[in-house]
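One structure below.
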Amino acid sequence: MNFEGFGELLPEIDRTNAPFWHGLASGELRLQKCARCSMHQYPAETFCYACGAQALDWVRVAGEGTIYSFVVVHQQYHKAFKDFLPYTVAIVQMDEGPRMLSAMLGLQRPARIGDRVMPCIRRIDGERAFLTYELAD
Amino acid sequence: MMDRLRQRYCIVGVGNTAFGSTPGESQVALNVQAIRAALADAGLTTRDLDGVLTKAPTSTFPMLWAPRVAEALRVRPAIVGTLDQAGGSNIGLIQYAISCIELGQGEVIAISYGDNPRTGTRASYARARGGDGAVAGLFGAPSSYALVARRRMHEYGTSKEQLAHVAMTHRYHAGMNPNAVYRSPITFDEYMNARWVAEPFGLLDCCPVSDGGAAYIVTTESRAKELAKAPVYIRGIGQSHPSWEFFRRPDMAASGAAASGRMCFESAGMSTADVDFCEIYDCFTIVPIITLEEYGFAERGRGGALYQEGETRIGGRLPCNTSGGLLSESGMPGTQLVCEAVRQLRGECGARQVRNPQVGLVSQQGGILTTHATMLLALEGGRRP
């Protein structure tokens with residue numbers, strides 16, 4: 001599968017979110033973890049959403065989870081998804097706490113709420129990657 | 001709560017433009033036409049205006065919008081402002097208007113919305129959900145609301161068939177509304193065979209993108225009694241805003257309707273049993289079901305059955321969206337629902353008139369169940385302050 005078209009869909013990478021995106025590019029899923037209250041969080045911020053602490057560490061996580069809800073998109077909103085139509089977009093409840101919004105591309109069977117899922121990092125080119133999920137079974 | 005105010009407040013004029021596609025009409029023009037129509041309906045003129053309040057056009061979200069509309073009306077009102085609660089603003093602005101009048105800053109305030117996303121730019125309607133929503137493939141409101149619908153169906157057993165009855169019921173009402181954009185009835189098969197947009201939503205689960213403007217005039221009871229039409233009293237207002245990005249909210253498939261409804265009924269000293277009809281923000285078919293359940297018109301999981309059993313049709317126990325709503329009258333974000341509620345109470349709705357209504361409920365919401373506001377309107381003023 002070719003993911004080149006996804007490059008222009010990446011958000012702007014700045015000081016705060018760079019560890020997440022650079023992590024994906026090196027094959028790692030990372031989240032911020034509060035140095036005071038130990039909560040994991042996403043998206044990245046300069047403070048902890050839970051306790052307000054300004055000391056956060058980036059940690060590697062497994063990022064597995066369950067599908068909280070999903071849709072199957074039939075309409076082409078962006079050409080990057082053209083070859084994947086119809087594709088699934090899921091809200092993944094990660095075991096670490098945060099909920100992620102993620103595409104599920106090339107599914108072998110229809111998704112269901114409650115399905116176990118695992119992260120699947122897709123490489124766009126040598127420097128960029130993005131996070132999708134796939135069914136664990 | 002409303003009886004703690006100095007006086008009672010009314011909607012005295014409502015107005016709207018044509019809906020659907022209005023080529024050549026600017027956003028300003030649609031606001032001006034709607035406000036002038038509402039003033040004429042009340043027997044007022046621009047000289048009577050003390051305030052112009054607006055909900056910003058969704059398609060471009062310009063700054064300092066109300067001052068521009070005021071300029072185009074050639075008025076220099078004491079009060080201008082734009083409130084950003086998305087669809088919730090349609091009621092939030094009424095609350096702000098009442099506050100201004102209560103503070104003695106004015107007496108007659110116009111509230112309007114007008115936008116031309118259909119003939120102008122509709123880019124904002126297919127925009128990606130911020131941050132990494134784009135790379136996740138989440139574009140436009142239908143996909144986001146479909147995520148809510150799927151979860152709601154999972155939690156409470158709401159069925160696709162029940163969603164069909166929302167679309168069919170509102171379309172049936174639109175068939176009796178000469179100003180509705182979509183008037184041909186929908187059969188169950190047509191609903192089920194409509195192309196998928198984002199499962200579980202097909203095309204007929206989604207409101208259209210429409211041009212148009214709508215406006216209403218708020219004033220005091222004493223002024224209202226001097227005007228052209230029977231006053232419609234603002235009996236209760238509630239708000240509650242779940243806020244947060246929808247997919248991160250702990251209870252994603254719940255809206256602000258439960259808390260907003262409680263606040264509204266309490267402020268009016270009324271209960272669901274007092275309501276003769278509802279005008280509910282129906283951007284997508286799942287929303288009226290969630291809203292009716294949370295207001296307490298049906299138990300959780302039973303809102304869809306109200307539609308399935310015909311209770312929400314004109315002639316049923318609780319007619320809903322008598323003009324066709326966002327789904328069929330006009331996809332613009334909710335201002336027009338207030339106009340319809342006022343016209344129903346005045347008995348001006350012709351073929352789609354609810355029989356002798358005394359109390360109507362309007363619900364508004366915005367974002368992806370991000371904001372919510374509720375209002376009760378009535379022909380009687382209720383307890384005097």
Side-chain angles (χ1 to χ4, degrees), chain A residues 3 5-14 16-17 20-21 24 41-45 49 67-78 80-82 84-94 97-105 110-114 122 124 128-133, chain B residues 122-158 160 163 193-206 209 243-254 284 286 368-369:
Chain A
F3 300 105
F6 286 79
E8 62 188 77
L9 295 176
L10 293 189
E12 201 170 317
I13 295 173
D14 57 28
T16 305
N17 69 13
F20 177 79
W21 294 100
L24 290 181
Q41 71 178 26
Y42 189 85
E45 250 303 353
Y49 296 113
I67 294 181
Y68 180 76
S69 191
F70 70 97
V71 291
V72 182
V73 179
H74 288 252
Q75 191 160 310
Q76 185 187 314
Y77 290 96
H78 190 279
F81 288 93
K82 183 165 173 273
F84 300 100
L85 286 169
Y87 62 91
T88 297
V89 179
I91 300 168
V92 174
Q93 178 63 62
M94 289 171 81
R99 278 197 203 143
M100 304 294 273
L101 197 57
S102 171
M104 298 183 76
L105 303 172
R112 287 180 309 243
I113 288 177
R122 308 283 191 173
I124 296 170
R128 296 177 302 171
F130 65 102
L131 178 66
T132 67
Y133 271 83
Chain B
R122 65 174 96 178
S124 70
Y125 288 86
R127 202 165 37 203
R129 204 76 205 156
D132 44 7
V135 79
L138 195 70
F139 300 86
S143 300
S144 294
Y145 272 98
L147 282 164
V148 170
R150 173 90 65 188
R151 184 70 199 180
R152 190 81 184 186
M153 292 161 106
H154 173 78
E155 287 181 8
Y156 295 110
T158 303
K160 180 76 176 157
L163 299 183
N193 292 330
R195 73 171 171 85
W196 288 117
V197 175
E199 287 180 59
F201 283 168
L203 191 62
L204 296 176
D205 289 292
C206 310
V209 174
S243 308
W244 293 33
E245 181 59 275
F246 77 99
F247 62 84
R248 288 194 198 100
R249 286 200 300 261
D251 193 0
M252 181 186 77
F284 297 94
I286 190 68
I368 312 299
L369 308 182

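In what follows, every heavy atom counts, from backbone to side chain, and hydrogens, waters and symmetry copies are set aside. Throughout, a chain's letter reflects where its sequence line sits, starting with A, and its residues are numbered from 1. This structure is a prediction, so every number in the text was calculated from the model and none was measured.
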Among the options A:Y133, A:F6, A:Y87, pick out the one with the most heavy-atom pairs lying under 4.5 Å from chain B.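 Top option by heavy-atom pairs under 4.5 Å: A:Y87.
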Contact class of [X] relative to chain B, heavy atoms under 4.5 angstrom:
| X | value |
| --- | --- |
| A:F70 | both |
| A:Y42 | both |
| A:Y68 | both |

Examine whether an atom of B:R249 lies under 4.5 Å from a heavy atom of chain A, and if so say whether it belongs to the side chain, the backbone or both; otherwise answer neither.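 The backbone, not the side chain.
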Tell me, for B:M153 versus chain A, whether the close heavy atoms (under 4.5 Å) come from the side chain, the backbone, both or neither.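 Neither part, no heavy atoms under 4.5 Å.
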Looking at B:D205 and B:K160, is there a salt bridge between them, counting it only when a charged N and a carboxylate O are closer than 4.0 Å?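 A salt bridge is present here (some side-chain N lies under 4.0 Å from a carboxylate O).
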So do the side chains of B:M252 and B:R152 get within less than 4.5 Å of each other, counting heavy atoms only?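 Of all side-chain heavy-atom pairs linking B:R152 with B:M252, none is under 4.5 Å.
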Within the structure provided, determine whether B:E199 and A:V71 are in side-chain contact (heavy-atom separation under 4.5 Å).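 Answer no - side chains too far apart.
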Passes side-chain hydrogen bond (donor to acceptor under 3.5 Å, both in side chains), A:R122 versus A:T132? Steps please. CA-CA 7 Å; A:R122 308 283 191 173; A:T132 67; 3.1 Å; yes
Quick check: B:F284 with B:F201 (ring centres under 6.0 Å apart)?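 Aromatic pair counts; centres sit under 6.0 Å.
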